[in-house]
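The sequence lines fix the lettering, A, B, ..., with proteins before strands; numbering per chain opens at 1. Note: hydrogens, waters and symmetry copies are ignored here, and every other heavy atom, side chains too, is used.
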There are 2 protein chains.
Amino acid sequence: MIERMDTKSKILDVAENLFGNYGFEATSLRDITAKAQVNLAAVNYHFQSKDSLIDAVIERRIAPVNRRRLEMLDAAGPNPTVEQIAEAFIAPVIERDPSPITALMGRILSTPDQFITRVFKKHLVVVAQRFTDAIGQALPELSPAERLWRMHFMGGAMAHVLGWSHLLPELTGGLCDASDRKAVTARLVRFLAAGLRAPEGN
Amino acid sequence: MIERMDTKSKILDVAENLFGNYGFEATSLRDITAKAQVNLAAVNYHFQSKDSLIDAVIERRIAPVNRRRLEMLDAAGPNPTVEQIAEAFIAPVIERDPSPITALMGRILSTPDQFITRVFKKHLVVVAQRFTDAIGQALPELSPAERLWRMHFMGGAMAHVLGWSHLLPELTGGLCDASDRKAVTARLVRFLAAGLRAPEGN
DNA sequence: GTCTATAGGTTGATAGAC
DNA sequence: GTCTATCAACCTATAGAC
């Protein structure tokens, strides 16, 4: 039973794809409406402005990802290992179907502007708190500041993978291929878990 | 002996600052010439186009950073430790004065577009090769692909720190402060060295 | 080398017919 | 809800006087 997609959903899907691959500034409303084969005015009818469209695109994807993150963290029980914490943070983003989400999430995390900071505060701060707490429980010897720094490093490694994955095969002569998402997650988890466990030093 | 800066240098300095803080697309030539207090046409006189200006801004900073990276790697002797490798990769970027370079480098690494990929290939591939080789020497048990992935993770953690550092105090309630650059480098090196040393697993 | 003026194109957003 | 037509603002780039 194939259902024709309505204009609003088509705009959201195409915008997500273009924002992720080319950036929010670099993507014009005309790019979006042309590719979605809808009228230019439809964007301002269904959404009020480009900024509101960006909000809607982000909101649609980031909410379920964060829900899944907390689910996985809860499913790991009252004393999750560092590996379980890292996997709960990363897997819901990297392994998610369908594909375009990865480019979008990488773009969000790699756009440190005022506008994105608002989104960041709205959707990510609360999740980051839960994960920082979990790290503190698993590694009580770390200072509060160090825990936050390591969350930051973890987010950075993940964001970089998301943003550059479509270019990696070319840049590494085919040696790195992000198409096997589960394998990428496993590599990241091993690397990050070891980093999280590092002694804090002096 | 204070020397007045010439127009070309003023443009480069202001462009570096704005590109770093707001992005390449989001910064117009008018933004640059207004802040630099020079005429709009001066950009196209001294540089040929906006793209060439971007090239010039990047080139001016990335070349000495990469030189310093290789110097530090060489200075670590024929068998550098993982910590020395990580520090040689990171310190030349993070600890470098003056400040605007950090935002610019973070922006470059966080802009996975065709244009930046060209820059990436021109300036970073050769350095990445040297560092990947060094990692392979220090950790011969890692597969070639895993070495590249871990270089990628390392670059990502660093890029994220560079790009978000000016927003970190606000997002962490003041707990994370990137102004002590040496301390940030030390935190990153400890985290990344442990990650690089992680067993590769099945 | 530095300026004014402007060409030529793109952008986000809207008014108003259907 | 969807369309055409258009506005006002912005952009990069250049021609030509000084």
J.: Looking at the side chain of B:Asn39, which of C:dT4, D:dC11, C:dA13 is the nearest nucleotide?
T.: C:dT4
J.: Rounded to whole Å, how long is the line connecting atom CZ of B:Phe47 with atom P of D:dT14?
T.: 15 Å
J.: Please give, in whole Å, the distance from C:dG16 C1' to A:Tyr45 OH?
T.: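 Computing the A:Tyr45:OH to C:dG16:C1' distance gives 15 Å.
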J.: Rounded to whole Å, how long is the line connecting atom CG of A:Leu40 with atom C1' of D:dT4?
T.: 11 Å
J.: Can you check whether A:Ser28 has a side-chain N or O nearer than 4.0 Å to OP1 or OP2 of C:dT10?
T.: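 Negative; the distance criterion is not met.
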J.: By nearest nucleotide on DNA chain C, pick out whichever of A:Gln48 and A:Ala26 is the more 5' one.
T.: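 It is A:Ala26 whose nearest nucleotide is closer to the 5' end.
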J.: Please check if any side-chain donor atom of B:Asp55 sits under 3.5 Å from a side-chain acceptor atom of B:Ser52, or the reverse.
T.: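 No, because no side-chain N or O of B:Asp55 sits under 3.5 Å from a partner of the opposite role on B:Ser52.
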J.: What's the CZ-P distance between B:Phe24 and D:dC11, to the nearest Å?
T.: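 Going from B:Phe24 (CZ) to D:dC11 (P), I get 18 Å.
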J.: Taking atom P of D:dC10 as reference, at what distance in whole Å does atom CG of B:Leu29 sit?
T.: 15 Å
J.: Without decimals, in angstroms, what is the distance between B:Asp51 CG and D:dC11 P?
T.: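 Spelled out: CG on B:Asp51 to P on D:dC11 is 16 Å.
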J.: Hey, does B:Ala41 reach any base, or is it just sugar-phosphate, or nothing, if we go heavy atoms under 4.0 Å?
T.: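 The answer is base, as B:Ala41 lies within the cut-off (heavy atoms under 4.0 Å) of a base atom.
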J.: Round to the nearest Å and state the distance from B:Asn44 atom CG to D:dA13 atom P.
T.: 5 Å
J.: Starting at CE of A:Met5 and ending at P of D:dT2, how long is that distance when rounded to a whole Å?
T.: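 A:Met5 atom CE is separated from D:dT2 atom P by 14 Å.
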J.: Classify the ring geometry between A:His160 and A:Trp164 as parallel (under 30°), tilted (30 to 60°) or perpendicular (over 60°).
T.: tilted
J.: From C-beta outward on B:Thr7, which listed nucleotide comes closest to its side chain: D:dG1, D:dC11, C:dT2?
T.: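 Taking heavy atoms from C-beta onward, the closest nucleotide is C:dT2.
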J.: Taking atom types as modelled, find out whether A:Glu87 and A:Thr185 have a side-chain donor-acceptor pair closer than 3.5 angstrom.
T.: no
J.: Which class fits the ring pair A:His152 and A:Trp149: parallel under 30°, tilted 30 to 60°, perpendicular over 60°?
T.: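 Perpendicular.
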J.: By nearest heavy atom, map A:Arg30 and A:Ala42 onto DNA chain D; which one lands nearer the 5' end?
T.: A:Ala42
J.: Below 30° counts as parallel, above 60° as perpendicular, anything between as tilted: where do the rings of A:Phe19 and A:Phe24 land?
T.: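 Correct class here is tilted.
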